[in-house]
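Everything below concerns the one structure shown next.
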2 protein chains.
Amino acid sequence: MAFKQDLNDQFARMGKVLGSGRRLELLDYLAQGARSVDALASVSGLSIANTSQHLQKMQQAGLVCAERQGKQIFYALADDEVITLMAVLHGLAERHLAEVREMVSLHLTARDSLAPVSVDELLARAQSGLVTILDVRPPEEYAAGHVPGAVNISPAHLHEQIARLDAGREVIAYCRGPYCTFSFEAVAALRAQGFTAHRLESGFPEWKQAGHPVEYEQNQQV
Amino acid sequence: MAFKQDLNDQFARMGKVLGSGRRLELLDYLAQGARSVDALASVSGLSIANTSQHLQKMQQAGLVCAERQGKQIFYALADDEVITLMAVLHGLAERHLAEVREMVSLHLTARDSLAPVSVDELLARAQSGLVTILDVRPPEEYAAGHVPGAVNISPAHLHEQIARLDAGREVIAYCRGPYCTFSFEAVAALRAQGFTAHRLESGFPEWKQAGHPVEYEQNQQV
DNA sequence: TCATCATTCAATCACATCGTTGAATGACTG
DNA sequence: CAGTCATTCAACGATGTGATTGAATGATGA
């Protein structure tokens, strides 16, 4: 049945694109919102030409789309399902690749104060009122639902806006899920500035699914 | 942040495996249940050595697992989420790759009686009692829920069991979803035997999600 | 213990992919 | 209409991949 093979070859076009760590990293950044080529190049550390070529591959595979704005070209995810795709991939990798489990436990849960905070711990500390909850997802996702009382600063603006946080309060940061690395970066940046900061062990999807309260109004925006 | 790159490289190991149409086809077959290497080789048309190598790659990437039974080695999906992964991939490809839409509409919806039947049509014809509903999924999935009154024959056994179907009744076949190609093959085989046969345009997941009745007992087994 | 047979390995070829380089495009802006 | 600047193209070398071949492995079952 040649048709079946041709169809799977088409699906494989999309699969091929997922076979490069650099492209997956670019998709991570694009999940935060549309970005220009050189913004992506500088944030990922790739050369501009290389970034451009990866983006074009992803565009041909239908994972991202491009739009010109002024002299720049902004790339964005073609579809929110791309995030789902990556989440499923992350889950499978976590369960079946020993290396992933190892890396995560070594780098993220291990020693001292970098250990992540559980949801129960977050609830307990939140009731004490002495903790700032930081939502490190893009504003659109924050607006679509977030942990009550959480402050939203997207990773791109963290460095500018870090001064607005109360340096005397502990910060607990979360993002899209346990493999969304933005909360790691936020914690690292905060700690570099002298904050006491921790990651939430899971992310907003897990919070919501566990039946915890969700706030929708875009208040608390810093 | 080297950790982030290493993590994405691990995810990419899994992604790479999705970058070959042959491997996706093998995953399609494995979604029907565990299979030995040479069973997979003969059903896919690949050489045995080639099949073995693809399976080993998928095993290293954590998508499938292997178990010896007697002198044969049976491979199976490592996780049901692999099916989810493929479903998401199919959906994205359908929406964003013009070639996929074209191929599907050309080969599957176009001319004459190959056109698929909608869920509403199925319901209408089922009430008339003149139609045989054929579930072409593996027995385990059939047992976990199926369209009421549907007969279950897995694709591997269709040729042997086709004679048991009532040749005077129209057959409507469905499988796992619109891109699960087993129902295409079933319809082709049935039509080759002189049956009036059609595909359901969607699959069981869509049926269930639409709120239609689901039957659980493993009756009607042919 | 030995013969059998399903599976895997090793070596090879053609071909695709990744990243780099420097030049070319082409759409805004003055 | 010409300069500018973000992006893309084209060509290159190193490396990786897919498929084929024939030989090797190794667990089974007599």
Side-chain angles (χ1 to χ4, degrees), chain A residues 2 4-6 8-27 29-30 33-61 63-76 156, chain B residues 2 4-6 8-30 34-61 63-76 156:
Chain A
K4 186 169 197 167
Q5 289 180 16
D6 291 346
N8 276 317
D9 281 342
Q10 291 300 322
F11 295 148
R13 277 178 56 197
M14 205 165 246
K16 267 193 225 296
V17 165
L18 303 174
S20 151
R22 301 298 99 66
R23 283 194 288 265
L24 292 177
E25 190 178 340
L26 290 173
L27 287 175
Y29 292 118
L30 288 173
R35 295 288 143 85
S36 69
V37 176
D38 71 353
L40 287 165
S42 62
V43 77
S44 67
L46 302 175
S47 74
I48 293 193
N50 196 8
T51 305
S52 171
Q53 292 176 40
H54 280 307
L55 289 168
Q56 283 176 69
K57 279 202 176 164
M58 294 197 279
Q59 187 182 19
Q60 282 160 25
L63 287 176
V64 307
C65 56
E67 190 189 354
R68 179 173 283 272
Q69 282 184 21
K71 33 171 83 174
Q72 295 178 90
I73 293 184
F74 280 76
Y75 282 86
Chain B
K4 186 170 196 166
Q5 289 181 17
D6 291 345
N8 276 317
D9 281 341
Q10 290 300 321
F11 295 148
R13 277 177 57 196
M14 204 166 245
K16 264 193 227 296
V17 165
L18 303 174
S20 152
R22 299 299 95 65
R23 282 195 288 264
L24 292 177
E25 191 178 342
L26 289 174
L27 287 175
D28 272 344
Y29 292 119
L30 287 173
R35 294 289 142 86
S36 68
V37 176
D38 72 352
L40 287 165
S42 63
V43 76
S44 67
L46 302 174
S47 75
I48 293 195
N50 195 9
T51 304
S52 171
Q53 293 178 53
H54 280 306
L55 289 168
Q56 282 176 70
K57 279 203 178 166
M58 294 198 277
Q59 187 182 20
Q60 282 161 27
L63 287 176
V64 307
C65 55
E67 189 189 356
R68 180 174 282 271
Q69 283 185 21
K71 24 173 91 172
Q72 295 179 91
I73 293 184
F74 280 76
Y75 282 86

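A note on names: the letters A, B, ... follow the listed sequences, proteins ahead of strands, and every chain is numbered from 1. Scope of the values below: all heavy atoms of this structure, side chains included, with no hydrogens, waters or symmetry mates.
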Next item on the list: Return the value, rounded to whole Å, for the distance between atom CD of B:Glu67 and atom C1' of C:dT7.
Entry: 16 Å
Margin query: Rounding to an integer number of Å, can you tell me how far B:Gln5 CD sits from C:dC18 C1'?
Written below: 14 Å
Check: Looking at the side chain of B:Lys71, which of C:dC18, D:dT28, D:dT8 is the nearest nucleotide?
Finding: D:dT28
Notebook entry, point to check: So what does B:Phe74 hit on the nucleic acid, given a heavy-atom distance under 4.0 Å: a base, only sugar-phosphate, or nothing?
Noted result: nothing
Notebook entry, point to check: A:Gln72 has a side chain; which of C:dC5, D:dT7, D:dT20 sits nearest to it?
Noted result: D:dT7
Margin query: Under 4.0 Å from OP1 or OP2 of D:dC9: is there any side-chain N or O of A:Gln56 that close?
Written below: yes
Checklist line | Integer-rounded Å distance: C:dC18 P and B:Asn8 CG | finding: 15 Å
Margin query: To the nearest 0.5 Å, what is the distance between CG on A:Leu55 and NZ on A:Lys57?
Written below: 12.0 Å
Next item on the list: Grab the CG-C1' distance between B:Leu55 and C:dT8 for me, whole Å please.
Entry: 12 Å
Item checked: Point-to-point distance, once rounded to the nearest 0.5 Å, from CE of A:Met14 to NZ of A:Lys16 -> 13.5 Å
Next item on the list: Determine: side-chain N/O of A:Ser47 to OP1/OP2 of C:dT20, distance under 4.0 Å, yes or no.
Entry: yes
Item checked: D:dG18 phosphate, OP1 or OP2, under 4.0 Å from B:Asn50 side-chain N/O -> no
Note to self: Any base atoms under 4.0 Å from A:Gln53, or only sugar-phosphate, or nothing? Heavy atoms, all strands.
What the structure shows: base
Notebook entry, point to check: Closest to the A:Lys57 side chain: D:dT8, C:dC18, D:dT4?
Noted result: C:dC18
Checklist line | Criterion side chain to side chain donor-acceptor pair (under 3.5 Å) against A:His54, the qualifying member of A:Gln59, A:Glu25, A:Arg22, A:Arg23 | finding: A:Arg23
Checklist line | Protein-nucleotide distance (B:Leu40, atom CG; C:dA6, atom P), rounded to Å | finding: 14 Å
Check: Distance-only, no hydrogens or angles: does the B:Ser52 side chain make a donor-acceptor pair with backbone N or O of B:Ile48 under 3.5 Å?
Finding: no
Checklist line | Any A:His54 side-chain nitrogen or oxygen under 4.0 Å from OP1 or OP2 of C:dG19 | finding: yes
Note to self: Below the 4.0 Å mark, does D:dT8 have OP1 or OP2 next to a side-chain nitrogen or oxygen of A:Ser52?
What the structure shows: yes
Next item on the list: Examine C:dT8: is either OP1 or OP2 under 4.0 Å from a nitrogen or oxygen in the side chain of B:Tyr75? Give yes or no.
Entry: yes
Next item on the list: Side chain of B:Arg68 only, please: which of C:dT8, D:dT7, D:dT28 is the nearest?
Entry: D:dT28
Margin query: Consider side-chain contact (heavy atoms from CB on, under 4.5 Å). Of B:Leu26, B:Leu27, B:Asp28, which one does B:Leu24 pass it with?
Written below: B:Leu27
Notebook entry, point to check: Can you tell which of D:dT8, C:dT8, D:dA19 lies closest to the side chain of B:Arg22?
Noted result: D:dA19
Margin query: The side chain of A:Ile48 is closest to which nucleotide in this list: C:dT8, C:dC5, D:dT7?
Written below: D:dT7
Notebook entry, point to check: Do A:Val17 and A:Gln60 have side-chain heavy atoms sitting under 4.5 Å apart?
Noted result: no
Next item on the list: Could you say whether A:Leu46 or B:Ala39 is positioned toward the 5' end of DNA chain C, judged by the nucleotide with the nearest heavy atom to each?
Entry: B:Ala39
Checklist line | Among C:dT17, C:dG19, C:dT8, the one nearest A:Lys16 by side-chain distance | finding: C:dT17
